[in-house]
Amino acid sequence: MNKKTGLFITLEGGEGSGKTTQGNQLVHRLKEMGYPVVWTKEPGGTDIGRSLREVVMSNRHKDMVPETELLIYMADRTQHVKSKILPALRDGKIVISDRYHDSSVAYQHFARGVPMTTLNFLFRELAGGLIPNITFVLDMAPETAIRRIKKRGITDPASLSKFEEEALPFHRKVRHGFLKIAELEPERVKVIPADRPREEVFQQISRHLSALLPSNGENSHESF
Ligand code: TMP
């Protein structure tokens with residue numbers, strides 16, 4: 001990271017894998033260390049994205065075909081990258097996104113079967129093809145993740161997104177997708193076992209990240 005290019009970090013994984021908790025902790029720690037941080041997510045990192053999120057995740061739209069789903073995520077991503085991520089990176093900020101393009105690869109390609117050529121074309125031509133500096137895949141068996149989601153105390157099925165209601169084989173394909181991405185891009189994508197205590201998961205993320213952090217945070221002599 002330097003003043004001109006910033007640092008782009010993404011958190012990926014299936015539902016219930018703890019991305020949001022880890023992201024919050026990371027943002028808190030980096031801010032404490034003096035770094036300028038933008039914490040964002042997909043879908044829904046912009047105003048337009050929040051409206052798109054409602055449409056794509058609503059359990060009223062279970063009949064949405066995979067291509068429509070992909071186009072909505074890509075619309076969200078395009079708006080997100082152009083109006084929020086790139087300007088922040090140009091300002092030299094650290095941008096951390098809870099999900100990004102690897103989610104489209106895992107969900108729309110590996111789980112729903114949309115061809116990679118279609119994803120690659122849209123990502124490159126519309127969304128700018130921006131590649132994160134580092135990506136953490138919080139990996140967990142879907143059985144464990146589903147147990148976690150249920151523990152959150154959601155008992156009303158209408159409050160579950162259509163993805164949370166998907167059956168186990170779907171979540172297995174998503175997990176396989178993320179692991180495959182990591183296998184193909186080991187430099188960028190780090191798999192973190194997420195069924196460990198929260199602090200242990202955070203330490204693993206921090207270890208990978210320290211190597212990338214510049215020494216321009218106000219208190220950057222501190223480590224994680
Ligand atoms: P979350 O924000 O609670 O993690 O939920 C987002 C859901 O959207 C999750 O089920 C994964 C799904 N998703 C895709 O299918 N494709 C994508 O490109 C993205 C960003 C998310």
Side-chain angles (χ1 to χ4, degrees), residues 8-24 27 39-46 48-81 84-85 95-116 118-124 126-132 135-140 142 145-146 148-154 157-178 180-181 189 194:
F8 185 26
I9 303 166
T10 57
L11 296 169
E12 298 280 8
E15 4 279 313
S17 59
K19 289 175 289 96
T20 312
T21 308
Q22 290 298 326
N24 275 318
V27 170
W39 173 220
T40 187
K41 69 173 181 182
E42 288 193 3
T46 62
I48 292 169
R50 275 182 282 283
S51 301
L52 294 170
R53 179 181 173 99
E54 267 182 44
V55 176
V56 76
M57 288 180 63
S58 166
N59 62 12
R60 283 191 299 121
H61 298 316
K62 284 181 200 148
D63 57 345
M64 187 181 284
V65 297
E67 291 78 7
T68 305
E69 205 174 82
L70 173 67
L71 286 168
I72 297 176
Y73 284 116
M74 281 295 176
D76 169 74
R77 183 158 307 128
T78 304
Q79 186 67 26
H80 192 206
V81 168
K84 189 167 177 182
I85 299 178
V95 177
I96 306 178
S97 187
D98 182 345
R99 296 196 186 279
Y100 182 63
H101 186 63
D102 295 315
S103 278
S104 289
V105 178
Y107 285 79
Q108 278 67 56
H109 170 64
F110 280 97
R112 301 271 202 233
V114 182
M116 268 315 287
T118 309
L119 267 77
N120 286 338
F121 176 78
L122 293 171
F123 181 50
R124 203 183 50 238
L126 299 185
L130 176 70
I131 311 281
T135 296
F136 297 103
V137 168
L138 300 192
D139 179 55
M140 184 184 276
I146 287 167
R148 272 199 183 187
I149 291 172
K150 290 198 174 138
K151 260 208 202 150
R152 278 186 211 154
I154 302 167
S159 68
L160 291 175
S161 78
K162 64 179 190 187
F163 293 92
E164 287 174 326
E165 285 194 306
E166 283 283 349
L168 214 46
F170 175 85
H171 294 290
R172 290 203 179 109
K173 286 184 202 162
V174 169
R175 183 188 196 194
H176 165 76
F178 281 125
K180 203 75 200 159
I181 297 169
V189 184

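Just follow the structure's listing: the first ligand is 1, and inside any ligand the first atom is 1. Atoms considered below: every heavy atom in the structure, side chains included; atoms not considered: hydrogens, waters and symmetry mates. This is a predicted model, so every value here is computed, not measured.
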Sub-4.0 Å atoms of ligand 1 with respect to non-hydrogen atoms of [X]:
| X | result |
| --- | --- |
| K19 | 4 (O) |
| E42 | 20 (C) |
| R99 | 1 (P), 4 (O), 5 (O), 6 (C), 9 (C), 11 (C), 21 (C) |
| E15 | 9 (C), 10 (O) |
| S103 | 16 (N), 17 (C), 18 (O), 19 (C), 20 (C), 21 (C) |
| R53 | 1 (P), 2 (O), 3 (O) |
| M57 | 5 (O), 6 (C), 7 (C) |

| said: Ring-plane angle category for F123 and H101, please: parallel below 30°, perpendicular beyond 60°, tilted otherwise. | reply: parallel
[X]-ligand 1 polar pair, N/O distance under 3.5 Å:
| X | answer |
| --- | --- |
| Q108 | yes |
| E69 | no |
| D98 | no |

Side chains of Y107 and R99: donor-acceptor distance under 3.5 Å anywhere? yes
Go through the side-chain N and O atoms of W39 and N24 and say whether any donor and acceptor fall under 3.5 Å apart. yes
For R124, I'd like to know if atom CZ has over 12 heavy atoms of other residues, nucleotides or ligands within 6.0 Å. yes
Distance-minimising heavy-atom pair for [X] and [Y]:
| X | Y | answer |
| --- | --- | --- |
| T40 | H80 | OG1-NE2, 2.7 Å |
| P43 | M57 | CG-SD, 4.0 Å |
| Y100 | E12 | N-OE2, 2.9 Å |

